[in-house]
Amino acid sequence: MRGVSQAKWVVAAVAVALAATACSSGGSSDSSGGSSNSAAVDPAGTFSFQSGEPQRPLQPANAMENQGGRIVKQLFMGLVDYDPATGALRNQVADKIETTDAKNYTVTLKSGWTFHDGTPVTAKSFVDSWNWSANPANNQINSDWFSDIAGYDAVHPDKGDPTAKEMTGLKVVDDTHFTIELTAPVSYFTYKLGYSAFYPLPTGFFADPKGYGEKPVGNGPYQFVSWEHNKAITLKAYDKYAGSNKAKNGGIVFRNYTSSEAAYKDLMSDTLDVLDQVDSTDLPKYKDDLGKRAIDQAQGAIQNISFAMYNADWKDPAKAKVRQGLSMAIDRDTITKTVLNNSRQPADAFVAPGVMGYKAGTCGDACKYDPAKAKQLIQEGGGVPGNKITIIYNSDGGHKEWVDAVCNSIRQATGVECLGDPKPDFKTSRDIITKKQVPSMMRTGWVQDYPLNANFLRDVYGTGAAANDAGYSSPEFDKLAHDADAATSVEKTADLYQQAEAVLAKDMPAIPLWYYKTNSGYSNNVQNVKFDSFGNPVYTDVEVKKK
Amino acid sequence: MGRFVARRLLQMIPVFLGTTALIFFMVHLLPGDPLAALWGDKAPDPVQLAALRHQQHFDEPLIQQYLDYMGGLFTGDFGKALDGRPVLDKITEALPVTVQLALLAFGFEIVLGIGIGLFAGLRRGKVFDKSALVFTLLLISIPVPVLGFLFQTIFGINLKWVKPTVQDSTDITQLVLPAIVLGSLSLAYVARLTRTSIAENIKADYVRTAVAKGLPRRRVIGTHLLRNSLIPVVTFLGTDLGALMGGAIVTEGIFNVQGVGHALYQAINMKEGATVSGFVAFLVIVYLAAGLIVDLLYAVLDPRIRYA
């Protein structure tokens, strides 16, 4: 009897436990469908954004990772920036940037721009900033961004200590004019100037770079208020901001979150205003939860799997057909819809949409699912070496699911054995990839530095390019890229790069899989929240509702 | 007693040196280059990478790095993290948060756990005992994340009594909900250990003697029964305090608490040797101190245990 009664208790306990866990999955969604009618706006209202602790001091050329990068972008403004809707270049501090040969540039500044400490933004602010950032002794992660400028070799030599502190290619003419001389023509150099490494710095910075890295003084739409480590970074609108994108709100609190799940819970209760990215657990239901407050749009970022072109297996030109075949064996539509919960958009080119020079379908049939053709192409190309491929990826980035799905797709369509090869973390996989020790294939990705197709092509597939993980080298591609760089207009450059992209579709050193999307949302306290192609909200346009 | 404490304190020195050395070298064995990872998906600029490596002393032999690190440690310098901030700053930010959280959880599990265990043990086989059994079984079988999300959804989103996550980690009132979740599993263990111990000892000779002497029930239970029954519970609590300090990563993640667990997790992810070693050094001290206190408490609880 005793045994029976105890067993009953256990059953009861299990039932209660199950009921309790079931409750949690049916979360309420009564806050969905937030009103779309514009409410009264409080121009001094502040809003919060989900963020993380920056890994480097807040200095312009040190902001490579996203957490610090997007804050630096609000604190500073460069000569030019990109229109958040179209990716087109627009002048900010620059009044005009003139060139006749794409090699020598004359920059004219607008007057009236000031740093947050009241000092004016002059030609010297830019030249000093760039010279300081290019010097390796100052430990700026993006110090090699100035490599186009003449005299960079002396400031940032490949070996030994710098022999100069100033690049000879930069000359201050007067307060509002300076000239830039490049080592070779780069027609889209003005596009590069929108990147954060090219921001100006106030004179006070150079006396105390470390202190200014903790309490930055910039010339952007927001000024620095406080940095409470591991908690929040607070910015407020700069009332003397001279740019075209003046803040429509009073300020931003970049609030640290230990996990995206926690941030999502806060968004649901209107404690957090703008989300960075919806976590994978809440991805399937976030549109139901948030209704009109959900955001779903493409980013300037692409996910590829690349071939180790430096291996004997892939060197034979005939193998291009095999690579195309493998690409055609991947059912991108189904994988993005099911495994990835619609958080990605199938790729049809090597360049992401929303980028200048993107042309739909440059990848051609090779990016369309066709198992029969895939099998045929692989046979024609002499088959996959060893009839087996492996894909190296980092298992800490949530890639396992789709790598397995891609492999399944290849296996089913072509009979080629395909296996994921997970490495414990990002660092480990990067080590293997940069040392060119990948046996077969690897996961690669690219997030735009600036929204121009050259950034997706030359910087990833040019011979010897820093991010050329595949080790791809094609004289044909390099020549087209070189011609494109020497073109006199950005439009011409973009056109020539489209031709270079066609070479990629033929050689297939990497298989474009899909584009990243911004899956995010915002609270009932704010409105007019839009995201740019970098996946960041257009902070200055966010409107805070009156309470 | 004094000699015992002195001996134990001296024993801590080799343990401390050994664990910090182990951690220091283990972190360096982790695959991958933390500095190259600063460039993300891009290949690092070799010149800048070399400059950073030199600045972080990564270009020196490992043993030299270790000696420098230990030398700094004894002068109170915990070294610098990769972002250039002193590790000591990071520790002093995260540690008070975690200490508060751990002590709250600890207090919660002691008061409620021993309370439930005591009453259940005294009323063995009655309704309260059975309900306590079910309740603790429930706590043990529900994983911490589920309990955390459940509490967040009920109290944070549906009832709106509290914010779903911690907005200010230094505000102790906001840490109550995470502390309850964090302490709930140990609460179940404490309750069960106490109950079993009480249920056994209630039949012991010394309890019967105490009752026969005509002592009031309050004294029999308080001084004789409970005190002697607490020895296994104290052993558990001693190790549990250390676990609460270092092992709260999951709870800290769910409730957005910026404590030691989260800081340690991030540092390990970024392979920040100095930060990991610094935090672990502190945790080692906490463990050692908790162990010593437990040993001393044995003597207080059980008069038969004497330290010379």
Side-chain angles (χ1 to χ4, degrees), chain A residues 6 9-10 12-14 16-17 20-21 23-24 27-28 31 53-57 64-65 136-137 139-141 143-144 156-159 210 213 229-231 255-259 261-263 265-266 268-269 271 396 423-431 434 444-447 466-469, chain B residues 30-34 36-48 50-52 55 82-85 89-90 93-94 130 133-135 137-138 141-142 146 149-150 152-154 156-158 160 163-170 252-258 262-263 265-266 269-271:
Chain A
Q6 271 177 352
W9 277 111
V10 172
V14 169
V16 174
T21 46
C23 291
S24 69
S28 85
S31 56
E53 182 76 0
Q55 291 169 15
R56 306 286 300 165
M64 172 151 244
E65 44 85 40
N139 291 320
Q140 302 292 296
I141 297 291
S143 59
D144 61 339
H156 191 112
D158 283 346
K159 275 204 179 77
K210 211 173 148 230
H229 285 285
N230 286 320
K231 201 173 144 196
R255 197 187 289 160
N256 263 16
Y257 276 93
T258 49
S259 69
E261 283 87 353
K265 286 277 189 308
D266 269 6
M268 293 287 291
S269 67
T271 313
D396 61 348
K423 300 294 168 200
D425 56 17
F426 184 65
K427 297 185 304 280
T428 320
S429 66
R430 277 315 299 169
D431 259 16
T434 47
T444 53
W446 185 256
V447 182
N468 190 341
D469 292 329
Chain B
L30 284 175
D33 182 343
L38 288 174
W39 272 266
D41 260 338
K42 288 167 197 165
D45 170 37
V47 179
Q48 193 59 67
L52 277 172
Q55 185 212 18
L82 287 186
D83 59 4
R85 298 186 61 221
D89 281 9
K90 294 199 167 197
E93 272 162 26
K130 294 272 166 78
L133 195 74
V134 174
F135 175 65
L137 185 81
L138 205 69
S141 48
I142 300 180
V146 174
F149 288 136
L150 194 71
Q152 273 182 332
T153 311
I154 295 176
I157 295 175
N158 294 353
K160 292 196 195 301
K163 301 273 185 205
T165 69
V166 175
Q167 304 297 307
D168 180 358
S169 299
T170 50
E252 289 187 358
I254 295 170
F255 287 100
N256 193 32
V257 180
Q258 314 275 356
H262 177 63
Y265 173 75
Q266 277 192 323
N269 247 344
M270 290 180 62
K271 206 190 155 196

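Letters A, B, ... mirror the listed sequences (proteins, then strands); counts begin at 1. Heavy atoms only: backbone and side chains are in, while hydrogens, waters and symmetry mates are out.
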Okay, A/Q55 and chain B: the region with an atom under 4.5 Å from a heavy atom over there is both

Under 4.5 Å from any heavy atom of chain B, what part of A/N468 do you find: side chain, backbone, both or neither?
neither

So that I can tick it off, tell me whether B/D168 and A/K231 are bridged by a salt bridge, with the cut-off set at under 4.0 angstrom between side-chain N and carboxylate O.
yes

Top residue by heavy-atom pair count (under 4.5 Å) with chain B, among [options]?
| options | result |
| --- | --- |
| A/S269, A/A263, A/P54 | A/S269 |
| A/R56, A/K265, A/E53 | A/K265 |
| A/D431, A/T428, A/N139 | A/N139 |

What distance do [X] atom [atom1] and [Y] atom [atom2] have between them, rounded to the nearest 0.5 Å?
| X | Y | atom1 | atom2 | result |
| --- | --- | --- | --- | --- |
| A/T258 | B/H262 | OG1 | NE2 | 5.5 Å |
| B/L52 | A/Q140 | CG | CD | 9.5 Å |
| A/Y257 | B/F255 | OH | CZ | 13.5 Å |
| B/Q48 | B/L38 | CD | CG | 10.5 Å |

Give, as side chain, backbone, both or neither, the part of [X] having an atom under 4.5 angstrom from any heavy atom of chain A.
| X | result |
| --- | --- |
| B/V257 | backbone |
| B/I254 | backbone |
| B/E93 | side chain |
| B/K90 | neither |

Counting C-beta onward and ignoring hydrogens, is there a side-chain heavy-atom pair between A/E261 and B/T165 closer than 4.5 Å?
no

Counting C-beta onward and ignoring hydrogens, is there a side-chain heavy-atom pair between A/S143 and A/H156 closer than 4.5 Å?
yes

Largest heavy-atom contact set with chain A, pairs under 4.5 Å, which of B/M270, B/K160, B/Q266, B/E252
B/M270

